[in-house]
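Working notes, beginning with the structure itself.
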Amino acid sequence: MSAPSPSLMTSRQTAPDWYEKGLPHIWLPYSQMKTASPPLAAVRTHDTRIELADGRELIDGVAAWWTACHGYNHPHIRKAVEAQLATMPHIMFGGTVHEPALRLAARLCAMLPGDLERVFFTDSGSVSVEVAMKMAIQYRLNKGETGRTKMLAFKGGYHGDTLATMAVCDPEEGMHHLYGTVLAQHVIAPLPVDDASTAEFLRLLAQHAHELTAILTEPLVQGAGGMLFHSPDVLRILRKAADEYGLLLILDEIFTGFGRTGTLFAYEQAEIVPDIVTLSKALTGGTMALAATVARRHVFDAFLSDNPEHALMHGPTFMANPLACACANASLDLFESEPRLHQVQTINAILTETLEPCRALPGVKDVRTLGAIGVVELEKISNPDALRQKFIAEGVWIRPFRNIVYLTPAFTITPDDLKTLANTIYRVLSS
Ligand SMILES: *Cc1c(COP(=O)(O)O)cnc(C)c1O
């Protein structure tokens with residue numbers, strides 16, 4: 001195929017040289033490259049703004065897939081990376097350790113309620129979930145329990161795009177149907193949100209308990225599955241069920257972690273302790289790729305043995321990259337020194353008020369907010385790409401998917417920018 005013509009990209013100015021030369025060689029994510037609108041040429045970010053090559057500036061409603069919780073280019077994070085870059089940008093983690101990673105591991109364990117106390121670093125969210133799954137599988141093997149290799153995961157769930165994680169995503173909405181025969185078989189249940197779904201969840205649990213090792217879910221919000229919210233009670237049901245059947249509870253906090261739902265970690269709201277937690281997305285304040293799988297003591301203890309085969313056999317080349325760990329430490333500094341959770345409350349109040357009018361628009365099914373997440377759910381979005389282009393024309397970066405238009409802004413967004421985002425959603429959806 002040929003590159004999109006520059007005239008399509010912008011009428012005001014021709015595209016930069018690197019755009020025209022490079023675009024024909026790039027394969028974009030989640031994109032039908034024959035028909036999708038050409039991507040925007042971004043040249044600079046600051047605070048909650050994205051500056052384009054043609055001089056336009058967009059207010060960002062998504063915070064780079066909800067990672068940039070302090071806004072873009074935060075000076076405290078930049079200084080930390082610069083200092084780390086000067087001393088040690090990277091070193092292998094197989095046999096050497098370093099201050100940024102060890103400091104970060106200790107801080108994460110101190111922040112996470114419960115005896116979550118061992119951190120395994122990776123470089124992407126999907127891989128941190130795979131590591132959690134490997135931990136849960138080998139946990140059984142090391143204890144001599146065979147045949148318990150499956151996860152019980154949930155409809156509406158999303159845990160990543162790799163082959164192992166696709167198999168624990170929603171079977172209808174994910175890519176299951178395309179990859180059906182090559183994916184591992186797990187048990188996918190409805191989240192126990194009411195009597196009927198609880199009965200079905202418990203039935204599947206009883207039926208499959210002998211082959212299960214863990215229950216896996218995103219706590220409070222199923223993010224990429226459609227920003228579906230559930231109450232903390234659901235997590236308490238899962239914890240109780242896991243205890244009854246001797247299963248591990250794995251919580252994927254990759255979307256919810258670091259304040260997004262109003263508490264530092266979503267599971268705090270249920271007052272339970274999971275056995276394994278996965279973190280990524282906002283871990284480095286959206287600056288670098290880094291992920292962590294954090295396990296409780298009893299999980300880690302199952303790997304302590306005189307048998308070398310009982311070790312966790314995993315080790316990404318760039319695991320615990322010092323630059324990324326320095327970003328994450330700087331990001332945690334900001335959670336300590338700046339009022340992030342209070343900002344999330346303010347964002348929630350503004351979103352709840354300003355998105356409410358959307359409820360009356362034709363085709364709107366639901367309007368909901370939780371922490372710094374605002375969702376307008378429609379009956380159907382026939383062309384998410386076209387809708388995105390309308391938002392861009394209005395000067396905002398909002399990326400509708402499935403049947404939802406959502407905001408997950410930086411916690412540092414100004415009330416004015418936030419109102420502009422919400423009001424633009426109303427205006428575009430009512431036009
Ligand atoms: C984004 C996400 C992942 C996958 O993370 P990647 O870094 O994209 O691999 C997994 N789980 C949840 C809940 C996520 O939001």
Side-chain angles (χ1 to χ4, degrees), residues 42-51 60 63-112 116-132 160 253-255 257-260 264-265 277-295 312 314-341 343 410-412:
V43 291
R44 177 189 281 276
T45 51
H46 67 91
D47 303 298
T48 51
R49 303 299 175 103
I50 303 169
E51 199 182 303
D60 187 352
W65 270 325
W66 48 89
T67 61
C69 55
H70 315 290
Y72 292 115
N73 310 23
H74 197 288
H76 181 67
I77 298 180
R78 192 182 64 227
K79 279 185 204 129
V81 184
E82 282 169 358
Q84 190 58 44
L85 190 58
T87 49
M88 186 168 62
H90 185 65
I91 186 167
M92 62 191 278
F93 212 61
T96 63
V97 293
H98 47 80
E99 181 176 352
L102 268 54
R103 229 180 241 295
L104 178 59
R107 289 176 83 175
L108 289 174
C109 291
M111 287 167 84
L112 287 160
L116 285 142
E117 59 177 35
R118 288 283 171 170
V119 182
F120 191 95
F121 287 113
T122 50
D123 36 24
S124 83
S126 302
V127 174
S128 72
V129 174
E130 291 213 11
V131 168
E253 289 255 9
I254 293 172
F255 173 61
F258 305 102
R260 185 56 64 184
L264 217 35
F265 301 98
V277 173
T278 56
L279 303 168
S280 187
K281 294 263 162 61
L283 173 58
T284 64
T287 313
M288 289 194 64
L290 183 69
T293 310
V294 191
L312 180 64
H314 202 97
T317 306
F318 280 97
M319 80 178 283
N321 171 256
L323 289 172
C325 291
C327 288
N329 277 311
S331 176
L332 297 190
D333 293 343
L334 293 172
F335 275 98
E336 286 166 11
S337 63
E338 298 187 6
R340 290 290 175 265
L341 295 182
Q343 288 166 325
F411 302 157
T412 51

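For this chain, numbers begin at 1 and follow the sequence in order. Owing to the predicted nature of the structure, the values given are computational and were not obtained by experimental measurement. As a basis for the values below, the full set of heavy atoms in this structure was taken, side chains included, without hydrogen atoms, waters or symmetry mates.
The minimum heavy-atom distance between Gly257 and Ala282, with the atom names listed, is O-CB, 4.4 Å. Closest approach of Gly125 and Ser280 over heavy atoms only: N-OG, 3.7 Å. Here the closest non-hydrogen pair linking Ala324 and Ala289 is CB-O, 3.6 Å.
At least one side-chain heavy atom of Arg107 sits under 4.5 Å from a side-chain heavy atom of Asp333. Side-chain contact between Val277 and Phe265: absent, with no pair of heavy atoms (C-beta onward) separated by less than 4.5 Å.
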Arg44 and Arg49: CA distance, side-chain angles, deciding distance, side-chain contact (heavy atoms from CB on, under 4.5 Å) verdict = CA-CA 8 Å; Arg44 177 189 281 276; Arg49 303 299 175 103; over 6 Å; no
Hey, mind stepping through Thr67 and Lys281 against side-chain contact (heavy atoms from CB on, under 4.5 Å) and telling me if it holds?
-> CA-CA 5 Å; Thr67 61; Lys281 294 263 162 61; 4.0 Å; yes
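To the nearest 0.5 Å, atoms CG (Asn73) and OG1 (Thr287) are separated by 8.5 Å. How far NE2 of His76 is from CG of Leu334: 5.0 Å, rounded to the nearest 0.5 Å.
Partners of Glu99 by side chain to side chain contact (heavy atoms under 4.5 Å, CB included), not counting sequence neighbours, listed by chain and number: Arg103.
Note on ring orientation: taking the six-membered ring where Trp is involved, the planes of Phe318 and His90 are tilted (angle from 30° to 60°). Ring pair Phe335/Phe258 is tilted by interplanar angle, where 30° to 60° counts as tilted.
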